[in-house]
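Working notes, structure below.
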Amino acid sequence: QVKMIIGPFDHAMSPPPETDMVFGDWSSLDINAIENQWLDYWVLGIDNGAEERPAVEFFLLGENRWVSADSWPPASASERSFYLHSMGLANTSDGNGVLDEQKPGNEPLDRFVYDPGDPVPTKGGSICCLRKMTKAGPYDHSMIEKRNDILVYTTGILTEDLTVAGPVELDIYASTSARDTDFTGKLVDIYPDGKAINITDGIIRARFRNGMSDPDFVSPGDVVRYQIELGSAAITFQKGHRIRLEVSSSNFPRFDRNLNTGGRIGKESVFEKAEQHIYHNSSHPSRLVLTVVDSL
């Protein structure tokens, strides 16, 4: 008695906004008609076949078509890990960080400084009710990625399509100079012309890495594992494109800034800068985990 529809909508399920991604014929699935059919069946008792609809219907970005499945993620889905690598640089924000399926060896760490006074600005994404500051949806992040407080890790050019349909997770090892801080991740589709289109993102607060009910501050300098849920995605990264991961510590105002002091949330009035280190070596195999399917 449960059906799910995942589409390129905003909070009110209105048409996709004008963004930097083309959605094609997204309206080929008549959402209003489906809602009316569902209500007629359950509220008015009309036998109209509403219960026979697929369990899951989702819009597949990249191919811009609707797909039906019996579950989410689809039963044929499996996890693939893409590991973070640097190019031996102290800071990979120039785009030289590498993302591939080879486990890392003896590699240097990457670092950046998170300044709560100058957080990474939100541009699009799965947001609601911030239209005066930023609109929802996918936009080109290539200029934002030039900031010194964003690390980027990118695959080589794809030689064939790669379809993601399901949860996305960032599993990283990091240390900080603060008692409490945030780490963010963002999945990005890199077009042949260089556009960097955001797909999905997430965040974790260090003190809540073990759950909201069990706050646990970190010891400055300690290497800690963070498993960051980046939401779900349904997209075919097309041949000729590249897959990118952004790592930072802020995405404001989509997420509240962490002031790095370990104080009471919402009650702090001062902030500190934090030195952030991201590790990717044989002992700390930081990775992006994608839920992929061979065909749909």
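Predicted model, so just to flag it, every value in this text is computed and none were measured. Only heavy atoms go into these numbers, but all of them, side chains included; no hydrogens, no water, no symmetry mates.
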**OP:** Take Ile278 and Leu151 through the side-chain contact (heavy atoms from CB on, under 4.5 Å) test and state the conclusion after the steps.
**Re:** CA-CA 9 Å; Ile278 305 298; Leu151 304 178; 3.7 Å; yes
Subject >> Lys239/Asp161 under salt bridge (Lys or Arg N to Asp or Glu O under 4.0 Å): CA gap, chis, key distance, verdict >> reply: CA-CA 5 Å; Lys239 178 181 177 180; Asp161 291 352; over 6 Å; no
Original post:
Between Val218 and Asp180, is a side-chain contact (heavy atoms from CB on, under 4.5 Å) present by the stated rule, with each step listed?
Top reply: CA-CA 6 Å; Val218 295; Asp180 187 38; 5.9 Å; no
Subject >> Audit row: Leu158, Arg242, side-chain contact (heavy atoms from CB on, under 4.5 Å) steps and yes/no >> reply: CA-CA 6 Å; Leu158 299 178; Arg242 292 179 292 161; 5.7 Å; no
**OP:** Give the intermediate values and the outcome of side chain to side chain donor-acceptor pair (under 3.5 Å) for residues Ser250 and Tyr114.
**Re:** CA-CA 8 Å; Ser250 54; Tyr114 162 46; 5.1 Å; no
Original post:
Would Val164 and Phe237 count as a side-chain contact (heavy atoms from CB on, under 4.5 Å) if you check the C-alpha gap in whole Å, the side-chain angles of each, and the deciding distance to 0.1 Å?
Top reply: CA-CA 8 Å; Val164 174; Phe237 291 95; 3.8 Å; yes
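Here Glu57 pairs with Arg53 in a salt bridge; the nearest charged N to carboxylate O distance falls below 4.0 Å. Between Asp171 and Arg287 there is a salt bridge, since a side-chain N of the basic residue sits under 4.0 Å from a carboxylate O of the acidic one. Between Asp140 and Lys123 no salt bridge is recorded (no basic side-chain N to carboxylate O distance below 4.0 Å).
Between the His141 side chain and the Tyr139 main chain, a donor and an acceptor come within less than 3.5 Å of each other. For Thr236 (side chain) and Gly62 (main-chain N/O), no donor-acceptor pair under 3.5 Å exists by modelled atom type. No donor-acceptor pair under 3.5 Å is formed between the side chain of Ser286 and the backbone N or O of Ile172. Distance alone, capped at 3.5 Å, is enough to place a donor-acceptor pair between the Gln37 side chain and the Asn48 backbone. A donor-acceptor pair under 3.5 Å is absent between the side-chain atoms of Thr291 and the main chain of Glu79, judged by distance alone. In terms of modelled atom types and a separation under 3.5 Å, the side chain of Ser28 and the main chain of Asp25 share a donor-acceptor contact. For Asp214 (side chain) and Asn210 (main-chain N/O), no donor-acceptor pair under 3.5 Å exists by modelled atom type. When atom types are taken as modelled, the side chain of Asp216 and the backbone of Arg207 share no donor-acceptor pair closer than 3.5 angstrom. Between the side chain of Ser249 and the backbone N or O of Phe183 there is no donor-acceptor pair closer than 3.5 Å. Remark: side-chain polar atoms of Arg111 are not paired, donor with acceptor, to backbone N or O of Gln276 under 3.5 angstrom.
At a threshold of 4.5 Å between non-hydrogen side-chain atoms, the residues Thr154 and Val98 do not count as touching. Looking only at side-chain heavy atoms (C-beta outward), Val168 and Val289 stay at 4.5 Å or farther from each other. With a 4.5 Å cut-off on side-chain heavy atoms, Thr163 and Glu63 count as touching. Residues Tyr83 and Ser81 meet the side-chain proximity criterion, which asks for heavy atoms closer than 4.5 Å. Contact of the Leu290 side chain with the Leu187 side chain is registered, since non-hydrogen atoms from C-beta on lie closer than 4.5 Å. Taking 4.5 Å as the limit, every side-chain heavy atom of Lys186 sits out of range of all side-chain heavy atoms of Leu245. The shortest distance between side-chain heavy atoms of Asn251 and Asp201 falls below 4.5 Å. Inter-residue side-chain proximity for Ile150 and Val120 is flagged as met; some heavy-atom pair is nearer than 4.5 Å.
Residue Ala274 comes nearest to Ser177 through the heavy atom pair CA-OG, 3.5 Å, listed as atom of the first residue, atom of the second, then distance. The two residues Phe255 and Phe252 have their closest heavy-atom pair at O-CD1, 3.4 Å. Considering all non-hydrogen atoms of both residues, Gly240 and Pro192 come closest at O-CG, 3.6 Å. The minimum heavy-atom distance between Ala178 and Pro220, with the atom names listed, is O-CG, 3.9 Å. The shortest heavy-atom contact between Gly166 and Pro73 is CA-CB, 3.9 Å. The nearest pair of heavy atoms linking Ala165 to Pro74 is O-CD, 3.5 Å.
Rounding to the nearest 0.5 Å places CG of Leu29 at 13.5 Å from CZ of Arg65. Note that CZ of Arg147 and OG of Ser248 are 7.0 Å apart. Values are rounded to the nearest 0.5 Å. Atom CG of Asp182 and atom CG of Asp256 lie 8.0 Å apart (nearest 0.5 Å). Atom OH of Tyr226 sits about 12.0 Å away from atom CD1 of Ile203, to the nearest 0.5 Å. Distance check, rounded to the nearest 0.5 Å: CG of Asn258 to CD of Glu268 gives 7.0 Å. Atom OH of Tyr153 is separated from atom CG of Leu170 by 9.5 Å, given to the nearest 0.5 angstrom.
In terms of hydrophobic clustering, with Ile, Leu, Val, Met, Phe, Trp and Tyr side chains grouped at heavy-atom distances under 4.5 Å, Leu61 and Leu296 are assigned to different clusters. Hydrophobic cluster membership is shared by Ile199 and Ile228, with clusters built from Ile, Leu, Val, Met, Phe, Trp and Tyr side chains linked at under 4.5 angstrom. By the rule that hydrophobic residues join a cluster once side-chain heavy atoms approach within less than 4.5 Å of another member, Val67 and Ile6 end up as members of one cluster. By the rule that hydrophobic residues join a cluster once side-chain heavy atoms approach within less than 4.5 Å of another member, Ile235 and Val188 end up as members of separate clusters. The cluster map of Ile, Leu, Val, Met, Phe, Trp and Tyr, joined by side-chain heavy atoms under 4.5 Å apart, puts Ile34 and Phe9 in the same cluster.
More than 12 heavy atoms of other residues, nucleotides or ligands sit less than 6.0 Å from atom CG of Leu39. More than 12 heavy atoms of other residues, nucleotides or ligands sit less than 6.0 Å from atom CD of Glu51. With a 6.0 Å radius and a threshold of 12 heavy atoms from other residues, nucleotides or ligands, Glu101 has its CD atom above the threshold. Other residues, nucleotides and ligands place no more than 12 heavy atoms under 6.0 Å from the CG atom of Asn106.
Tested against His85, the residues Glu107, Lys103, Gln102 include a single side-chain hydrogen bond (donor to acceptor under 3.5 Å, both in side chains) partner, Glu107. Partner of Leu84 under the side-chain contact (heavy atoms from CB on, under 4.5 Å) criterion, out of Asp100, Leu99, Asn281, Asp110: Leu99 alone. Looking at His241, Lys195, Arg244, Gln238 one by one, the single match for side-chain hydrogen bond (donor to acceptor under 3.5 Å, both in side chains) with Asp189 turns out to be His241. The side-chain contact (heavy atoms from CB on, under 4.5 Å) test with Lys273 is passed by exactly one of Asn260, Val113, Asp118: Val113.
Between Phe59 and Trp66, the ring-plane angle classifies as perpendicular under the 30° and 60° cut-offs.
Taking the six-membered ring for Trp and the full ring otherwise, the centers of Trp72 and Phe58 sit less than 6.0 Å from each other.
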